[in-house]
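Following: one structure in structure tokens, then a few remarks.
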There are 2 protein chains.
Amino acid sequence: MTKPEQRRRTAKQRLLQAADDLFYSEGIHTVGIDRVIAHAGVAKGSLYYSFTGKDELVHEYLIHRHGKWAERVTAGIEAHTDPRARILAVYDVLGTLFAQPDYRGCAFMNATAEAAPDSVEAQAATTFRAWVHNLFLDLASDVDAGDPKQLAETLVLLYDGAVATAQMDRAPEAARTARRTAELILDNADLRHIEAEAQAL
Amino acid sequence: MTKPEQRRRTAKQRLLQAADDLFYSEGIHTVGIDRVIAHAGVAKGSLYYSFTGKDELVHEYLIHRHGKWAERVTAGIEAHTDPRARILAVYDVLGTLFAQPDYRGCAFMNATAEAAPDSVEAQAATTFRAWVHNLFLDLASDVDAGDPKQLAETLVLLYDGAVATAQMDRAPEAARTARRTAELILDNADLRHIEAEAQAL
DNA sequence: ACGACGTTAGACCGGCCTGTCTAAATAGGC
DNA sequence: GCCTATTTAGACAGGCCGGTCTAACGTCGT
């Protein structure tokens, strides 16, 4: 057995890295395996030794993206304790994402755009979306608002809006716009909630 | 010269229709010209007689999409006179779009996802985005809010958010979420504006 | 009835794509 | 030093793709 740590990274790792670079920046259908192995500096045989085929490589590429992003977002959230600040932190993390020069939108939206409904891309996208919704539902439940589900839906919409606008317009400031709007919603949700409580007394 | 009206639609029209169906529902790279001509019921020669190549067909497909959507949106807007209602009407039109069973997101976002930066897709997308921004900037200028530019940015973000969420989650109700949020923003913008005026007196 | 325009069917080319296979070199664990 | 796991280079096959070309057929204005 080979230990996971080696002087030079393993062919599988280099392939995954190359896939991450190329699939994200140019699209999955556009990039052939020849390009991937060339960018990885690896023989074609290594690809089919490490993966069953392009599909599996694509799948692992998306899973990898999901993991990395989830880490980054949760790290941003956990820097705060106030429920409201934890929500807003997500949009700040988006801001750091948009600021990256190679930002080209959400990998899962892009994958969905060129994928068949029953493809591995669609499957990974579904998993990713479930995570997004769960994230905001958890965050929304900790805040003192009327309906956490409705709040979460709106926060997801702002998240998606920031992602899409930033991509289409190459406009990193969309993160701040989303954050500002989220603040407004939270203020208002608080207000309505407090009013409702006052009336109940 | 052949008159534009014929019993049976011209090969060019049928090709454009087929391109519209297939490129939108399956993606541009995914669909080959063989599929397009088969779906159009047209000979391959007709494609290269009517268009210079696939690129031109793609370009006209996107221009056609842009035109149709612009018509539909402006029709929805012009049904109202109140500036605020005209803004909200856009999200209602989005709702009718999402309700279509074949809805698969924004053609321009999808095209951008699989296109190179300098492609005809990117070019058409830029034109489309300029139209979107102009639309909301005009609408925002007619409302009594503080900064029309900032308001427009937020409305665009809500528009994009609705489009993206509806696609990723197959959730047509995203239109209503966006509309509700837009109302909240407009209420608040009004409020702040009025307060600012009061302070100025 | 002629001629331009539009259209047809299909053969054909070069190129790229995914995937298979072979045969040999390079590791690392024991 | 042996054995297995990993990796290499490249030839190869079969399929799809965009695009060209030919030869012929309809249609319609004049």
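Labels below follow one simple rule: chain letters A, B, ... track the order of the sequence lines, proteins then strands, and each chain is numbered from 1.
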The complete set of ring-ring contact (aromatic ring centres under 6.0 Å, His included) pairs with one or both residues in residues 19-54 of chain B, sequence neighbours excluded, reads F23(B)-Y61(B)
Calculate the interatomic distance between I37(A) atom CD1 and dC17(C) atom C1'; express it in whole Å.
-> 12 Å
Interatomic distance, L47(A) CG vs dC17(C) P [rounded to whole Å] | 14 Å
Which class fits the ring pair F128(A) and F108(A): parallel under 30°, tilted 30 to 60°, perpendicular over 60°?
-> parallel
In terms of ring plane angle, is the pair Y159(A) and F136(A) parallel, tilted or perpendicular, where the classes change at 30° and 60°?
-> perpendicular
Integer-rounded Å distance: dA27(C) P and Y49(A) OH = 16 Å
Could you check if a side-chain atom of L155(B) sits within less than 4.5 angstrom of a side-chain atom of L139(B), using non-hydrogen atoms only?
-> no
Distance in angstrom units between E56(B) CD and dG19(D) C1', rounded = 14 Å
Should the heavy atoms of other residues, nucleotides or ligands under 6.0 Å from CZ of R176(B) be counted, would the total exceed 12?
-> no
Would you indicate, yes or no, if dA5(D) has its OP1 or OP2 atom less than 4.0 angstrom from a side-chain nitrogen or oxygen of T10(A)?
-> no
N/O to N/O distances under 3.5 Å, protein versus nucleotides 18-21 of chain C:
{"unit_1": "dT18(C)", "atom_1": "OP1", "unit_2": "K54(A)", "atom_2": "NZ", "d": "2.8"}
{"unit_1": "dT18(C)", "atom_1": "OP2", "unit_2": "I33(A)", "atom_2": "N", "d": "2.6"}
{"unit_1": "dG19(C)", "atom_1": "OP2", "unit_2": "Y48(A)", "atom_2": "OH", "d": "3.2"}
{"unit_1": "dG19(C)", "atom_1": "OP2", "unit_2": "K54(A)", "atom_2": "N", "d": "2.9"}
{"unit_1": "dG19(C)", "atom_1": "N7", "unit_2": "K44(A)", "atom_2": "NZ", "d": "3.4"}
{"unit_1": "dG19(C)", "atom_1": "O6", "unit_2": "K44(A)", "atom_2": "NZ", "d": "2.5"}

Listed partners of E183(B) passing side-chain hydrogen bond (donor to acceptor under 3.5 Å, both in side chains), at least two apart = none
Tell me whether the OP1 or OP2 atom of dT7(C) has a side-chain N or O from S46(B) closer than 4.0 Å.
-> no
